[in-house]
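Encoded as structure tokens, the structure appears first; notes follow it.
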Amino acid sequence: MAGSPLRQALARLGNASDLTLRLISLVFFLLVWTAAALLAKSTMLPGPWSVVQSMVDHIVAGDLPYHVGVTLARVAAAFVIAMTIGTAIGLVMGRSRGTDMLFDGWLVLGLNVPALVVIMLCYIWMGLTDVAAVIAVALNKIPLVAVNVREGARTLDRDLEQVAEVYRFSRSKKFTKVTLPQLYPYIMAAARNGLAIIWKIVLVVELLGRSNGVGFQISIYFQYFDISSILAYTLGFTAVILFLELAVLRPLEVRLTRWRL
């Protein structure tokens, strides 16, 4: 018992130290950026203050929140589809060697087909619509989710499954109480990596075939060589994604995997 407060104090000290290092790194990055902008003396490399001012202007005008919201909706839809289908595929392949051998080539193909090709094909087959955009993004992410979950399904503890059978768990209870908790680390890893990848693909999808969203706006400002607006939109949406990572995914991962500690 005496060691518990000490461990907690050391943990808090470690967290404070990590935060300090992150802040120092951020300040150093801003200083390097500012120095580079001053040396360049060009609109091609605006400083941090110019980008912040541009971001504020776009927020006040209302265009930045609108387009970020549109892109975020597409990211959310593609994320849910990819995680649902990818998890189901990975679980089946990880539990059945025959199915794994049968469809492993499909996964390899899905992992290696360029995202740009998938996007173009979806637009050609389904038209320049939001449905095509979301499906294109989901198709690019599904193989990555399936591979992660498949590895988790291969490591499931057979002893725990036998215990569930002894206690006559129903299929649904066995899945939610025995199988799913063991897959949480792999599912969360796929979710965190997937979020980082999906929003980048969404920007490409919007740039190629949509008339709104962050990717579309960036393409417009690219034509005018408006670097400040490009960086303002990029940093604005990146901030939203980082918030989701830190405020939603990481706490959820800690909560779901607490039983392993």
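- In this structure, Leu128 is a member of the same hydrophobic cluster as Val202, with clusters built from ILVMFWY side-chain heavy atoms closer than 4.5 Å.
- Side-chain contact between Gln217 and Val214 is absent, with no heavy-atom pair separated by less than 4.5 Å.
- Distance check: Leu246 CG to Ile241 CD1 gives 11.5 Å after rounding to the nearest 0.5 Å.
- A distance of 9.5 Å separates CG in Asn140 from CD1 in Ile197, rounded to the nearest 0.5 Å.
- Among all heavy-atom pairs drawn from Ala133 and Arg210, the shortest one is CB-CD, 4.2 Å.
- Rounding to the nearest 0.5 angstrom, the gap separating the CG atom in Leu64 from the CG atom in Leu235 is 10.5 Å.
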### Message
Checking Asp226 against Ile230 for the side-chain contact (heavy atoms from CB on, under 4.5 Å) test, could you report, in this order, the C-alpha distance in whole Å, the side-chain angles of both residues, the deciding distance, and whether it holds?
### Response
CA-CA 6 Å; Asp226 188 348; Ile230 291 175; 5.5 Å; no
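- Closest approach of Leu183 to Ala153, counting heavy atoms only: CD2-N, 3.5 Å.
- Between Thr238 and Trp199, some side-chain heavy-atom pair lies under the 4.5 Å cut-off.
- In terms of heavy-atom proximity, Ala78 sits nearest to Ala138 at O-CB, 4.0 Å.
- The minimum heavy-atom distance linking Ser219 with Leu207 is given by the pair CB-CG, 3.8 Å.
- Thr84 places no side-chain N or O within donor-acceptor distance of the main-chain N or O of Ile81, the cut-off being under 3.5 Å.
- Linking Ile, Leu, Val, Met, Phe, Trp and Tyr whenever their side-chain heavy atoms come within less than 4.5 Å leaves Trp49 and Leu31 in two separate clusters.
- Although no hydrogens or angles enter the test, the distance criterion places a donor-acceptor pair under 3.5 Å between the side chain of Thr87 and the main chain of Met83.
- In terms of hydrophobic clustering, with Ile, Leu, Val, Met, Phe, Trp and Tyr side chains grouped at heavy-atom distances under 4.5 Å, Leu139 and Val131 are assigned to a common cluster.
- Under a 3.5 Å cut-off, the side chain of Ser25 and the backbone N or O of Leu21 do not form any donor-acceptor pair.
- Here the CG-CD1 distance, from Leu91 to Ile187, works out to 8.0 Å after rounding to the nearest 0.5 Å.
- At a threshold of 4.5 Å between side-chain heavy atoms, the hydrophobic network of Ile, Leu, Val, Met, Phe, Trp and Tyr places Trp125 and Val117 in one connected group.
- Scanning all heavy atoms of the two residues, the minimum distance from Pro143 to Leu111 falls at CB-CD2, 3.7 Å.
- Between Ile89 and Val149 the shortest side-chain heavy-atom distance does not fall below 4.5 Å.
- Note on Asp100 versus Arg95: no salt bridge recorded, every NZ/NE/NH1/NH2 to OD/OE distance being 4.0 Å or above.
- Taking the six-membered ring for Trp and the full ring otherwise, the centers of His58 and Tyr66 sit at least 6.0 Å from each other.
- Here CG of Leu244 is found 9.5 Å from CZ of Phe79. Values are rounded to the nearest 0.5 Å.
- Taking the six-membered ring where the residue is Trp, Phe103 and Trp106 present perpendicular rings, their angle passing 60° and hence far from 30°.
- Of the possible polar contacts, one joining the Thr34 side chain to the Leu30 backbone as a donor-acceptor pair under 3.5 Å is found.
- For the pair Leu45 and Ala37, the tightest heavy-atom approach, listed with the atom from each and the gap, is O-CB, 3.4 Å.
- A distance of 3.5 Å separates OG1 in Thr71 from CD in Glu206, rounded to the nearest 0.5 Å.
- Between Leu107 and Met93 the shortest side-chain heavy-atom distance falls below 4.5 Å.
- Two different hydrophobic clusters hold Val92 and Val147 under the rule that ILVMFWY side chains link at heavy-atom gaps under 4.5 Å.
- Side-chain contact check for Ile227 versus Val51: every heavy-atom pair is 4.5 Å or farther apart.
- The closest donor-acceptor contact from the side chain of Trp33 to the backbone of Pro46 lies under 3.5 Å.
- A salt bridge between Asp104 and Arg150 is present, with a side-chain N of the basic residue lying under 4.0 Å from a carboxylate O of the acidic one.
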### Query
Are Asn212 and Arg74 close enough, and set up right, to give a side-chain contact (heavy atoms from CB on, under 4.5 Å), and what steps lead you there?
CA-CA 11 Å; Asn212 51 23; Arg74 291 175 181 139; 2.5 Å; yes
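- Between the side chains of Asp63 and Tyr233, a donor-acceptor pair is found at a separation under 3.5 Å.
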### Message
Could you walk me through whether Met126 and Ile135 satisfy the side-chain contact (heavy atoms from CB on, under 4.5 Å) test, starting with their C-alpha distance in whole Å, then the side-chain angles of each, then the deciding distance to 0.1 Å, before giving a yes or no?
### Response
CA-CA 10 Å; Met126 291 176 276; Ile135 290 177; 3.7 Å; yes
### Task
Could you walk me through whether Leu116 and Leu208 pass the side-chain contact (heavy atoms from CB on, under 4.5 Å) test, one step at a time?
CA-CA 9 Å; Leu116 185 61; Leu208 291 176; 3.4 Å; yes
